[in-house]
Number of protein chains: 2
Amino acid sequence: MQIALTTAGNEIASAAARCAYGQPIRRAPESPALGSTRTFAKGAEIYAEGDRAAFIYKVASGAIRTSKLLSDGRRQIDAFHLPGDIFGIEAGDEHRFSAEAIGEATVIAYRRCSLEILAANDSVVARQVVTAMMRALERAQNHMLLLGRKSAMEKIATFLLDLAGRISENGQVDLPMSRIDIADHLGLTIETVSRSLTQLERQGAIEVPAHRRSIVLRDTAALRRLDD
Amino acid sequence: MQIALTTAGNEIASAAARCAYGQPIRRAPESPALGSTRTFAKGAEIYAEGDRAAFIYKVASGAIRTSKLLSDGRRQIDAFHLPGDIFGIEAGDEHRFSAEAIGEATVIAYRRCSLEILAANDSVVARQVVTAMMRALERAQNHMLLLGRKSAMEKIATFLLDLAGRISENGQVDLPMSRIDIADHLGLTIETVSRSLTQLERQGAIEVPAHRRSIVLRDTAALRRLDD
DNA sequence: CGTGTTATTGACTTCATTCAAATTAGGTGG
DNA sequence: CCACCTAATTTGAATGAAGTCAATAACACG
């Protein structure tokens, strides 16, 4: 029982169908109600803080940032979501972050229903959603330590190692996001991000190719020493 | 079907019994296996980072802090847990924070089993645990914004308003925790916490009685202006 | 009352920010 | 392919918010 539109092995879609209709329903592939793929241009908003949370999302390609704003415009980027990552899960009925595509990105949107009902009705999807939530919680908790107690250099080192663990091929990390995004994720300014990268490069820990959107980790041991 | 030792209306205990034994089992009140109350002295450790997470806890009285350490001793207090709060839920099998009693405190410990099994087997407890996790996630996400983007004064204002919302009687907040704990929660030093409180007092927003362990909110509007 | 702990205050330093300018990258149209 | 333009990034100099170090003050408790 798998719905054509969804990616292979995806349990969320079938569960969402059950959730919405009581029992699994076979749907035409062109149905937009669940598991629909959407493409967003660079900078496009997927949802805003306060929007009704009707869907949860899975990144298919590209990268998404979720962020919160203070009234005067200061921004905190809670997380970057890469292909395979689920985002947009909420406890209440509205989004508590806004989500934007960083570059061009495609996401799969799944109609959401109350997580309590979901969890009660379907153990497979419950596990998936609970797991995604747990991951978000762990990420947030580690990030609190970073934001509250680490220096700029340590923040950058931690960030690079984390990204490398998620998307590096042979020690090279292609940054999907700008310096501003990195700064707003790490609680720094773009200038400090830039200076820290320069300093790490001078120390031989990393190498920043000309186009500035990728970073080669030269000395991960040195970075790890900064990480903790 | 309620187990004698547990507090009234508590679903976690009965679910834990089901979880551990497949079906509900009536246990003698003196059984320590689930819903057991434990008392901790000031500063006593309930569990350490890395400990096997065999229980989840609910605060009965007093206050608990959960925190993470950097290798050189810098500390980030993730949250303060007050009576009624659940803490110690983990995705994996070990604790990712340490938990200590702030003053003398009593907690109720519930034998834990894999959350996936929990969620699959029992919708009532699934809802409770998922709700507690959600709350932890929301707290963490708001706290990231505070740690990453707020000034010292704003941090203190947010902290006081939050605490007031949880334990104030008529605008008076009795702080269970020391300045060091506040500092380590807000990503500040004790000196900065102290100076910020003094400044808020000078501005007439708060009043700090002589014993320094309680705070009267005089002008919540002014605090709210700082909060966001 | 001492004594130890916790909090406040003061003086100075530092790390990161701010403001400003220069440089580089990437896209557009000739 | 190159000149131009805009946006992103880097770099420099000065400032500032919070940290550090040090001393004092206020409690809490025996």
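All chains are named by letter (A, B, ...) in the order of the sequence lines, taking the proteins before the strands, and each is independently numbered beginning at 1.
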I need the CG-P distance between A:Asp184 and C:dA16, as an integer number of Å. 17 Å
Assuming nearest nucleotide by heavy-atom distance, tell me which of A:Ile190 and B:Pro209 is located more 5' along DNA chain D. A:Ile190
A:Leu186 CG to C:dT17 C1', in whole Å, measures 15 Å
Are A:Arg212 and C:dT24 close enough that a side-chain N or O sits under 4.0 Å from OP1 or OP2? no
5' precedence on DNA chain C between A:Ser151 and B:Val193 (nearest-nucleotide basis): B:Val193
Applying salt bridge (Lys or Arg N to Asp or Glu O under 4.0 Å), run through B:Arg149 and A:Asp184 and close with a yes or a no. CA-CA 8 Å; B:Arg149 286 296 177 222; A:Asp184 284 349; 2.8 Å; yes
Value in whole Å for how far the C1' atom of C:dT18 lies from CZ of B:Arg149: 13 Å
For D:dA18, does either OP1 or OP2 sit under 4.0 Å from a side-chain N or O belonging to B:Thr192? no
Does OP1 or OP2 of C:dA7 have a side-chain N or O of B:Arg213 closer than 4.0 Å? yes
From CD of A:Gln199 over to P of D:dT11, roughly how many Å is that when rounded to an integer? 12 Å
Separation of C:dT8 C1' from B:Ile180 CD1 (nearest whole Å): 13 Å
Does A:Leu197 reach a base, just sugar-phosphate, or nothing at all? Heavy atoms under 4.0 Å. nothing
Which comes earlier along DNA chain C counting from the 5' end, the contact point of A:His211 or that of A:Arg195, where each point is its nearest nucleotide? A:Arg195
OP1 or OP2 of C:dT17 versus the side-chain N and O atoms of A:Thr189: is any pair under 4.0 Å? yes
Distance check, rounded to the nearest 0.5 Å: B:Arg65 atom CZ versus B:His81 atom NE2? 11.5 Å
Establish, for the pair B:Arg52 and B:Tyr47, whether the NZ or CZ atom is under 6.0 angstrom from the six-membered ring centre and no further than 45 degrees off its axis. no
OP1 or OP2 of C:dT9 versus the side-chain N and O atoms of B:Thr198: is any pair under 4.0 Å? yes
Within the modelled atom types, does a donor on one side and an acceptor on the other bring the side chain of A:Arg74 and the base of C:dT17 under 3.5 Å apart? no
Separation of D:dA8 C1' from A:Ile182 CD1 (nearest whole Å): 12 Å
Would you say the rings of B:Phe87 and B:Phe97 are close, in the sense that their centroids are separated by under 6.0 Å? no
So which nucleotide from C:dA20, D:dA22, C:dA7 ends up closest to the side chain of B:Glu191? D:dA22
Do A:Arg112 and A:Asp93 meet the salt-bridge criterion of a basic N to acidic O distance under 4.0 Å? no
Separation of D:dT9 atom P from A:Met177 atom CE, nearest Å, is 11 Å
What is the distance, rounded to the nearest whole Å, between atom CG of B:Leu147 and atom P of D:dA18? 13 Å
